[in-house]
Amino acid sequence: MGRDVPELVFTREDRRRYRIKMQECLDAFAQMLRESRFETERPQVGLEIELNLVDGRAEPAMRNADALEAIADPAWSTELGRFNLEINIPPRRLTAGGPDAWETEIRAALNHAEDSARSVGAHLIMIGILPTLRRADVDEAGLSENPRYRLLNDQVFAARGEDLRIEVDGVDRLRTYADTITPEAACTSTQFHLQVSPEDFAGYWNAAQAIAGVQVALAANAPFVLGKELWHESRVPLFEQATDTRPQEIKAQGVRPRVWFGERWINSVFDLFEENLRYFPALLPLCDEQDPIETLDRGDIPDLGELTLHNGTIYRWNRPVYAVSHDKPHVRVENRVLPAGPTVADTLANGAFYYGLTRALVEEDRPVWSRMSFSVAEDNLHTAARHGIEARLYWPGVGEVPVAELVLRRLLPLAHRGLELSGMDAAWREPLLGIIEQRCVTVRNGAVWQKEMFHHIDATTHAGRHECLRRMTQQYMEYMHLNAPVHTWPVD
């Protein structure tokens, strides 16, 4: 939900009008789909990265407003927590500019931001969950100053009627309550965008759902939460709980959560927006003045403001996006399952695997989602989040196998094929997918390194848990700036 909103109180009339406008937006969207009004000629990819801010000791730095002012670049914005920032990398064609162009652009943007943030006493770190966060960092004082976050927080708790209960069992056990949604800010992600035609959307979304568990297993990078060692990718359970608008009684009735994998394969992008309206009450019932049907009737393109705002408060792991760019509407899949980091090299390898594999799966004669139940795909996601690159996942035709074996034998060749179909030659794709291959060969990713490094420091220094996490985080930042893939990072 990147849109700024005013600070206000909603009435029953606001909610009634918003419900009507959402239905009008959905009707307009359906008409646009029937009339094929969407941009399909130059599909693009995009990338958003959420980052944490730390001080010189790798402790959380509550300086995002100061850092944003110092960076002075519209590509950057605040996020939910005062220790967060987000960069939106400009969209591009997947094969534009040659093998090094996107990496050069991203590294230049991050280096500029790091230099600027340093001037206000902060540093940037790409990591799934900042290991040095303490319970006091994710209270009300940690919430960003932008009124939209305060308003969202108030609406979540108005819907719940009680404090959040956060429970995660891993190596350690986390049990805590929260009276704000600030714990969500601990979860920092990488979001890959893929623009597709409306006709192709269902296939790409289904493919993204089918591989979500594999993605998380390969890229897990969040084993520590508030000083506890939990899942390899603890973002998944933490994010699911930290934005839950349902008290226990409503959960027991089977009401769907707002952080949602979904419940079925789809036939159209319309299915997802229709589910949004059918299943989820509005958190932010703000109405635009634009009449979407009237706008269509006069030949213009509607913003569908209510539809997009509502969609931004439903946190699907693969989310549909409607947007208007250069007066042309388009739809895209927003892939939200991956953590931030560890490096730009790792990030682009994750992107190459995702873009290539989804393309290849969509092109198959018998789609994977026709051979795999939706519930198994969801189970794969949570198994991968718990066990990371050591997970055993189900895949049609092979059964339940170690994820590294599945990727090396089945999925990497498909990812190569998909990138080749997208116009990416071997000289470009082999170094990127080679990083994924070596992660599987070594069975090492960001979560494995963090866990091993923490226990190494603890065994050699006995410095206390938080101090060991702090030293590990400092070492992580040094390797992050070297941009060597995480599977090469030593533990010493």
Side-chain angles (χ1 to χ4, degrees), residues 1-5 10 13-46 91 193-209 256 258 260 262-336 358 362 367 369:
M1 189 202 74
R3 182 169 145 193
D4 284 343
V5 298
F10 297 117
E13 174 66 13
D14 292 328
R15 296 187 181 280
R16 184 186 68 81
R17 290 181 59 244
Y18 192 77
R19 184 182 296 277
I20 293 171
K21 282 294 299 287
M22 281 199 297
Q23 184 62 59
E24 291 173 349
C25 285
L26 191 64
D27 293 343
F29 185 64
Q31 181 178 337
M32 293 173 71
L33 290 173
R34 291 193 301 270
E35 296 173 356
S36 302
R37 295 202 182 198
F38 290 85
E39 169 65 56
T40 60
E41 293 182 0
R42 293 179 57 83
Q44 296 183 313
V45 299
H193 290 253
L194 177 60
Q195 180 186 336
V196 297
S197 70
E199 294 75 19
D200 292 336
F201 183 95
Y204 277 96
W205 187 85
N206 289 341
Q209 292 285 95
R256 294 159 180 85
R258 295 190 91 93
W260 199 33
E263 61 191 15
R264 64 186 175 110
W265 307 116
I266 64 168
N267 298 309
S268 167
V269 61
F270 183 83
D271 294 348
L272 300 179
F273 287 112
E274 185 182 38
E275 284 180 349
N276 288 355
L277 182 57
R278 183 188 306 150
Y279 296 144
F280 299 99
L283 283 182
L284 300 171
L286 294 161
C287 288
D288 288 348
E289 294 183 2
Q290 186 185 74
D291 183 318
I293 300 296
E294 182 182 292
T295 301
L296 272 181
D297 289 344
R298 66 170 181 263
D300 293 331
I301 302 300
D303 296 327
L304 305 185
E306 292 80 13
L307 179 142
T308 58
L309 179 60
H310 187 54
N311 185 55
T313 65
I314 300 162
Y315 305 98
R316 297 177 185 269
W317 292 110
N318 284 290
R319 183 156 64 185
V321 176
Y322 167 88
V324 180
S325 179
H326 305 295
D327 297 321
K328 293 183 178 181
H330 69 263
V331 292
R332 60 184 190 263
V333 180
E334 182 186 18
N335 179 247
R336 302 165 49 83
T358 52
V362 166
W369 53 92

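The shortest heavy-atom contact between Met32 and Leu296 is CG-CD2, 3.7 Å. For the residue pair Phe10 and Leu283, the shortest heavy atom distance occurs at CE1-O, 3.9 Å. In plain terms, the two heavy atoms of Ser268 and Ala202 that are nearest each other are N-CB, 3.7 Å. Across every non-hydrogen atom of Phe29 and Phe273, the tightest pair is CE2-CD1, 3.6 Å. Scanning both residues, Val321 and Asn311, for their nearest heavy atoms gives CA-ND2, 4.4 Å. The two residues Leu286 and Tyr18 make their nearest non-hydrogen contact at O-CE1, 3.2 Å.
At least one donor-acceptor pair closer than 3.5 Å links the side chain of His310 to the backbone N or O of Phe280. A distance-only check finds no donor-acceptor pair linking the side chain of Trp205 to the backbone of Pro320 [under 3.5 Å]. Remark: the backbone N or O of Asp303 is paired with a side-chain donor or acceptor of Gln290 at under 3.5 angstrom. Side-chain N or O atoms of Asn206 include one that pairs as donor or acceptor with a backbone N or O of Ile266 at under 3.5 Å. Checking side-chain atoms of Tyr204 against main-chain N and O of Val362 turns up no donor-acceptor pair under 3.5 Å.
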Glu24/Lys21 under salt bridge (Lys or Arg N to Asp or Glu O under 4.0 Å): CA gap, chis, key distance, verdict: CA-CA 5 Å; Glu24 291 173 349; Lys21 282 294 299 287; 5.1 Å; no
Arg258/Ile314 under side chain to side chain contact (heavy atoms under 4.5 Å, CB included): CA gap, chis, key distance, verdict: CA-CA 5 Å; Arg258 295 190 91 93; Ile314 300 162; 3.9 Å; yes
Test side chain to side chain contact (heavy atoms under 4.5 Å, CB included) applied to Gln195 and Glu39, step by step: CA-CA 9 Å; Gln195 180 186 336; Glu39 169 65 56; 3.6 Å; yes
Side chain to side chain contact (heavy atoms under 4.5 Å, CB included) between Ile301 and Lys328, worked out: CA-CA 7 Å; Ile301 302 300; Lys328 293 183 178 181; over 6 Å; no
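Annotation: side chain of Pro285 is not in contact with side chain of Arg17 (no heavy-atom distance under 4.5 Å). For the pair Pro198/Thr40, a side-chain contact is recorded, criterion being any heavy-atom separation below 4.5 Å from C-beta on. Looking at Tyr322 and Phe38, their side chains come closer than 4.5 Å, going by heavy atoms from C-beta outward. Contact annotation: the side chain of Val269 approaches that of Leu33 to within less than 4.5 Å [non-hydrogen atoms, C-beta and beyond]. Between Arg19 and Arg16, the closest side-chain pair of non-hydrogen atoms is not below 4.5 Å.
Screening Arg256, Arg319, Arg316 against Glu275 for a salt bridge (charged side-chain N to carboxylate O under 4.0 Å, His left out) leaves a single residue, Arg316. Paired with Thr358 under the rule side-chain contact (heavy atoms from CB on, under 4.5 Å), one option of Val333, Asn318, Leu194 passes, and it is Leu194.
The line from CG of Asp288 to CG of Leu307 is 11.0 Å long, rounded to the nearest 0.5 Å. Separation of atoms CE (Met22) and CG (Leu304) is listed at 12.5 Å; rounding is to 0.5 Å. To the nearest 0.5 Å, the span separating CG on Leu26 from CD on Glu306 amounts to 12.0 Å.
The aromatic rings of Trp369 and Trp265 sit tilted relative to each other, their planes meeting at an angle between 30° and 60°.
Between the side chains of Gln31 and Asp27, no donor-acceptor pair is found at a separation under 3.5 Å.
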